[in-house]
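What follows is a single structure, written as structure tokens, with notes after it.
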Amino acid sequence: MSQAPEVAGNPYGAELAAAKKAVSLAARLCQRVQRDILQSDIQSKVDRTPVTVADYGSQVLVSLVLKMELPSQSFSMIAEEDSKDLRSDAAQEILEHITNLVNETIVSDGSYDISLSKDDVLSAIDGGKSEGGPSGRHWILDPIDGTKGFIRGDQYAVALGLLDEGKVVLGVLGCPNLPLKSSSILNSGHSGDLVGSLFSATIGCGAEVEAIGGSKPEKKLGVQAPPVRMDSQAKYGALARGDGAIFMRIPHQGYRETVWDHAAGSIVVTEAGGMVKDASGNDLDFSKGRHLDRDRGIIATNKYLMPLVLKAVQEAVKEEQYATALV
Ligand SMILES: Nc1ncnc2c1ncn2[C@@H]1O[C@H](COP(=O)(O)O)[C@@H](OP(=O)(O)O)[C@H]1O
Ligand SMILES: [Mg+2]
Ligand SMILES: [Mg+2]
Ligand SMILES: [Mg+2]
């Protein structure tokens with residue numbers, strides 16, 4: 001049997017094609033919402049972080065496409081959002097808005113002849129409640145990573161990874177506002193440059209970037225060697241193609257990182273030849289459920305700089321602990 005080019009030589013070819021399709025469709029919904037976002041589209045979660053109609057809509061579309069494209073596979077997904085806040089009477093209007101957005105996006109794409117009810121939307125969102133773990137396959141989804149950036153009109157990413165027997169084996173990062181050409185970020189863009197990058201990586205097969213609209217993959221990625229402030233895992237994508245040399249994240253003590261904030265981004269960087277470690281130099285462990293089990297801090301860089309950055313971070317953390325002990 002002949003295989004589609006994307007499937008040939010890639011043990012996760014079918015999953016990769018489905019993941020790209022899912023992220024691209026979700027990104028289409030996000031782009032539309034970002035263009036004319038209203039205050040009423042934004043809600044606040046219990047942890048006081050924002051969530052928008054697009055975070056929910058993106059989660060619904062990704063879960064829908066994965067199920068439609070991979071009908072014979074059992075489905076488990078660890079995703080950021082849940083439907084709790086949408087089930088109250090006060091949220092019925094916003095739920096209707098999300099349902100309309102999802103259905104309009106499906107119609108505009110034309111791939112599926114289906115229409116979702118409000119209940120379908122709620123259960124699709126709750127399809128992301130898996131606890132993951134070291135056995136079996138689990139999708140890992142951040143429907144919008146960098147929601148604050150998204151609301152500001154800046155960078156954000158739709159980030160989808162696949163965990164297989166405790167290892168991230170595939171990642172797709174949709175970054176609708178990231179110029180396709182690296183130079184456009186550093187030179188703050190030229191009119192006419194193509195905007196919207198879709199990064200993808202499969203274990204052992206390397207990483208690629210292409211236009212989010214779905215052109216042929218343009219180039220293989222390679223991590224090479226200025227600071228750029230950017231929301232979301234778009235940072236991992238930018239690093240993977242050599243726009244920067246180091247990405248470091250040292251959150252306040254006690255903050256627990258979630259798997260969906262790093263799964264897709266980290267495999268895109270490692271498959272481009274880079275490294276992603278915690279502050280102690282260990283690999284990130286995605287097999288412990290919804291949270292990452294790791295020492296404080298995450299560092300992504302190339303293999304030459306990693307030892308130097310680790311040393312500097314460990315010294316800085318020691319100095320901070322010493323200063324805290326003196327207070
Ligand atoms: N106090 C905190 N410290 C570190 N990260 C936090 C945080 N509160 C939220 N986050 C996470 O940081 C992510 C955004 O990362 P960045 O700062 O790189 O854009 C958020 O993802 P979401 O936008 O998906 O909620 C959220 O998960
Ligand atoms: Mg969030
Ligand atoms: Mg996130
Ligand atoms: Mg998010």
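Numbers here are sequence positions counted from 1. We count ligands from 1, going down the list as the structure has it; atoms in each ligand are counted the same way.
Listed by chain and number, the protein atoms of type N/O/S under 2.8 Å from the Mg ion (ligand 4) are E80 OE1, D142 OD1, I144 O; waters are omitted.
Using modelled atom types, one finds a donor on one side chain and an acceptor on the other under 3.5 Å when comparing R28 with S108. For N10 and T202, the side-chain atoms include at least one donor-acceptor pair closer than 3.5 Å. Residues T258 and H291 have side chains that never bring a donor and an acceptor to within less than 3.5 angstrom of each other.
Salt-bridge annotation for R152 and D231: present, with a side-chain N of the basic residue lying under 4.0 Å from a carboxylate O of the acidic one. Salt-bridge check for D243 with R241: passed, with a basic side-chain N closer than 4.0 Å to an acidic carboxylate O. Taking a cutoff of 4.0 Å between a charged side-chain nitrogen and a carboxylate oxygen, E81 and K129 do not qualify as a salt bridge.
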Would you mind writing out the side-chain donor-acceptor pairs for residues 247-256 within the sub-3.5 Å range, not counting sequence neighbours?
unit_1, atom_1, unit_2, atom_2, d
R249, NE, E257, OE1, 3.3
R249, NE, E257, OE2, 2.9
R249, NH2, E257, OE1, 3.1

Could you list the donor-acceptor pairs under 3.5 angstrom formed between side-chain atoms of residues 163-173 and any protein atom two or more places apart in sequence or on another chain?
unit_1, atom_1, unit_2, atom_2, d
D164, OD2, Y12, OH, 2.8
D164, OD2, R137, NE, 3.4
E165, OE2, G136, N, 2.8

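Of the possible polar contacts, one joining the D145 side chain to the Q233 backbone as a donor-acceptor pair under 3.5 Å is found.
Protein neighbours of ligand 1 below 4.0 Å, counting non-hydrogen atoms: E80, D142, I144, D145, G146, T147, D231, S232, K235, R249, P251, H252, Y255, D261.
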